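In this chain, residues are counted from 1 in sequence order. Not measured: the values here are computed from a predicted model.
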Amino acid sequence: MGKENGKVVVLDFWASPYAMRTKIALREKEVEFETQQEDLWNKSELLLKSNPVHKKVPVLIHGDKPISESLIQVQYIDETWTDAASFLPSDPQARATARFWADFVEKTISFEGGRKIWGNNKGEEQEKGKKEFLESLKVLEAELGDKSYFGGETFGYVDIALVPFYSWFYALEKCGDFSVEAECPKIVAWGKRCVERDSVATSLPESEKVYEQVLKLRQIFGVE
């Protein structure tokens with residue numbers, strides 16, 4: 001049995017941008033997989049067993065072996081299914097640069113960062129969250145420049161890391177009363193370009209649906 005063989009399952013929550021990364025990577029590599037939707041307020045035994053440290057989605061199960069953390073999963077997928085093009089460039093310096101920017105995304109464009117916007121009503125905390133979010137996007141926009149994708153003409157690792165959050169832009173804009181496109185037009189154009197790819201279009205939910213989920217979260221956390 002080759003290393004790429006074995007059933008592939010993603011423990012998933014449809015609105016999780018982190019799980020979207022894993023699904024995009026699998027679809028880019030044309031890997032057949034199943035998803036198991038998780039109730040994040042009543043987590044399955046399989047999730048708790050598969051990710052006992054963080055107890056979070058996504059978990060990638062290949063054969064019977066679980067892998068946690070979405071960017072680690074993307075790297076695993078890239079290294080396991082090698083018939084399709086790699087998500088990372090072949091040049092070591094370019095690979096390091098891509099990993100740097102994916103790490104920047106991980107640390108600055110996050111669910112927790114977004115929660116500072118949707119998890120607060122208008123006021124100082126929400127304004128701080130908007131400022132941090134847009135400042136990080138502007139740094140990424142400067143790195144993107146006039147390129148089609150972060151790696152140039154090739155959709156790759158940094159794009160996979162960031163593009164799931166594109167599906168959350170609308171919800172953040174509605175909650176925070178601002179426009180990402182007005183502040184970062186090249187990032188929005190890049191997001192639209194990415195969504196033209198089947199792997200991304202199939203993995204990202206509709207923005208309106210994400211917004212509806214965010215309204216539910218606001219009720220749960222007592223914001224509304």
Aromatic contact, Trp118 with Phe111 (centres under 6.0 Å): yes
Measure the spacing between CD of Gln37 and OG1 of Thr35 and express it to the nearest 0.5 Å. 5.0 Å
Charged N to carboxylate O below 4.0 Å: is that the case for Asp39 and Lys43? no
Return the set of residues passing ring pair (Phe, Tyr, Trp, His ring centres under 6.0 Å) with Tyr211 (not counting sequence neighbours), or none when no residue passes. Tyr170
Heavy atoms of Val210 and Pro205 approach each other most closely as CG2-CG, 3.6 Å
Contact between Lys209 and Trp14 at the side-chain level, heavy atoms closer than 4.5 Å - yes or no? yes
Polar side-chain atom of Lys29 near backbone of Ala85 as donor-acceptor pair, under 3.5 Å: yes
Take Leu88 and Arg99, measure what side-chain contact (heavy atoms from CB on, under 4.5 Å) needs, and give me the verdict at the end. CA-CA 9 Å; Leu88 287 159; Arg99 289 189 172 114; 3.6 Å; yes
Check: Ser179 main-chain N/O paired with Glu173 side-chain donor or acceptor under 3.5 Å: no
Neighbour count above 12 (heavy atom, 6.0 Å) for Asp198 CG: no
Only counting residues at least two apart or in another chain, list the ones meeting side-chain contact (heavy atoms from CB on, under 4.5 Å) with Glu34. Lys7, Val9
Has Lys147 got a side-chain atom pairing as donor or acceptor with Leu144's backbone, closer than 3.5 angstrom? yes
Quick one: does Phe178's side chain get under 4.5 Å of Leu134's, heavy atoms only? yes
Taking every heavy atom of Pro17 against every heavy atom of Pro164, the minimum-distance pair comes out as O-CB, 3.1 Å
About how many Å separate CG of Leu140 and CZ of Phe150, when rounded to the nearest 0.5 Å? 5.0 Å
Taking the six-membered ring of Phe221 as reference, does the cationic atom of Arg115 (NZ for Lys, CZ for Arg) lie under 6.0 Å from its centre and within 45° of its axis? yes
Between Cys175 and Ile117, the two heavy atoms sitting closest are CB-O, 4.4 Å
Can a donor-acceptor pair be found, under 3.5 Å and without considering hydrogens, that links the side chain of Gln36 to the backbone of Leu11? no
Do Asp78 and Tyr157 come within less than 4.5 Å of each other through their side chains, counting heavy atoms only? no
Are Trp41 and Leu48 grouped together when hydrophobic residues (ILVMFWY) are joined by side-chain heavy atoms under 4.5 angstrom apart? no
What donor-acceptor contacts under 3.5 angstrom involve side-chain atoms of residues 189-196, with partners at least two apart or in another chain?
{"residue": "Trp190", "atom": "NE1", "partner": "Asp159", "partner atom": "OD1", "Å": "2.8"}
{"residue": "Arg193", "atom": "NH1", "partner": "Ser148", "partner atom": "O", "Å": "2.6"}

Common cluster, Val59/Val53, ILVMFWY with side-chain heavy-atom separation under 4.5 Å: no
Hey, could you give me the CG/CD1 distance between Leu137 and Ile187, rounded to the nearest 0.5 Å? 6.0 Å
Look at the side chain of Lys23 and the backbone N and O of Met20, then say whether any donor-acceptor pair between them is shorter than 3.5 Å. no
Under a 3.5 Å threshold, yes or no: a donor from one side chain and an acceptor from the other, between Ser70 and Arg21? yes
Return the orientation label for the Phe100 and Phe104 ring planes: parallel under 30°, perpendicular over 60°, tilted otherwise. parallel
From Ser199 atom OG to Phe155 atom CZ, the distance as rounded to the nearest 0.5 Å: 5.0 Å
Any donor and acceptor pair, going by atom type alone, linking the side chain of His54 with main-chain N or O of Glu69 inside 3.5 Å? no
Testing the 3.5 Å rule here: is there a donor-acceptor pair between the side chains of Asn120 and Arg218? no
What residue among Glu125, Gln126, Glu132 forms side-chain hydrogen bond (donor to acceptor under 3.5 Å, both in side chains) with Lys116? Glu132
Are Phe165 and Tyr18 an aromatic pair, judged by ring center distance below 6.0 Å? yes
Evaluate whether atom NZ of Lys122 has more than 12 neighbouring non-hydrogen atoms of other residues, nucleotides or ligands under 6.0 angstrom away. yes
Just how far is it from atom NE2 of His62 to atom CG of Asp64, taken to the nearest 0.5 Å? 10.0 Å
Straight-line distance of Tyr149 OH to Thr154 OG1, nearest 0.5 Å: 9.0 Å
Treating Ser50 as the side-chain partner and Leu46 as the backbone partner, does any N or O pair qualify as donor plus acceptor under 3.5 Å? yes
What do you reckon, is CD of Glu112 surrounded by more than 12 foreign heavy atoms closer than 6.0 Å? yes
Output yes when Lys130 and Glu127 qualify as a salt bridge under the 4.0 Å nitrogen-oxygen rule, no when they do not. yes
Flag the pair Lys216 and Glu212 as a salt bridge only when some basic side-chain nitrogen lies within less than 4.0 angstrom of an acidic carboxylate oxygen. no
Would you say Lys128 has more than 12 foreign heavy atoms packed within less than 6.0 Å of its NZ? no
Short question: side chain of Glu38, backbone of Asp12 - any donor-acceptor pair under 3.5 Å? no
Determine the minimum heavy-atom distance between Leu71 and Ala161, stating which atoms define it. CD2-CB, 3.8 Å
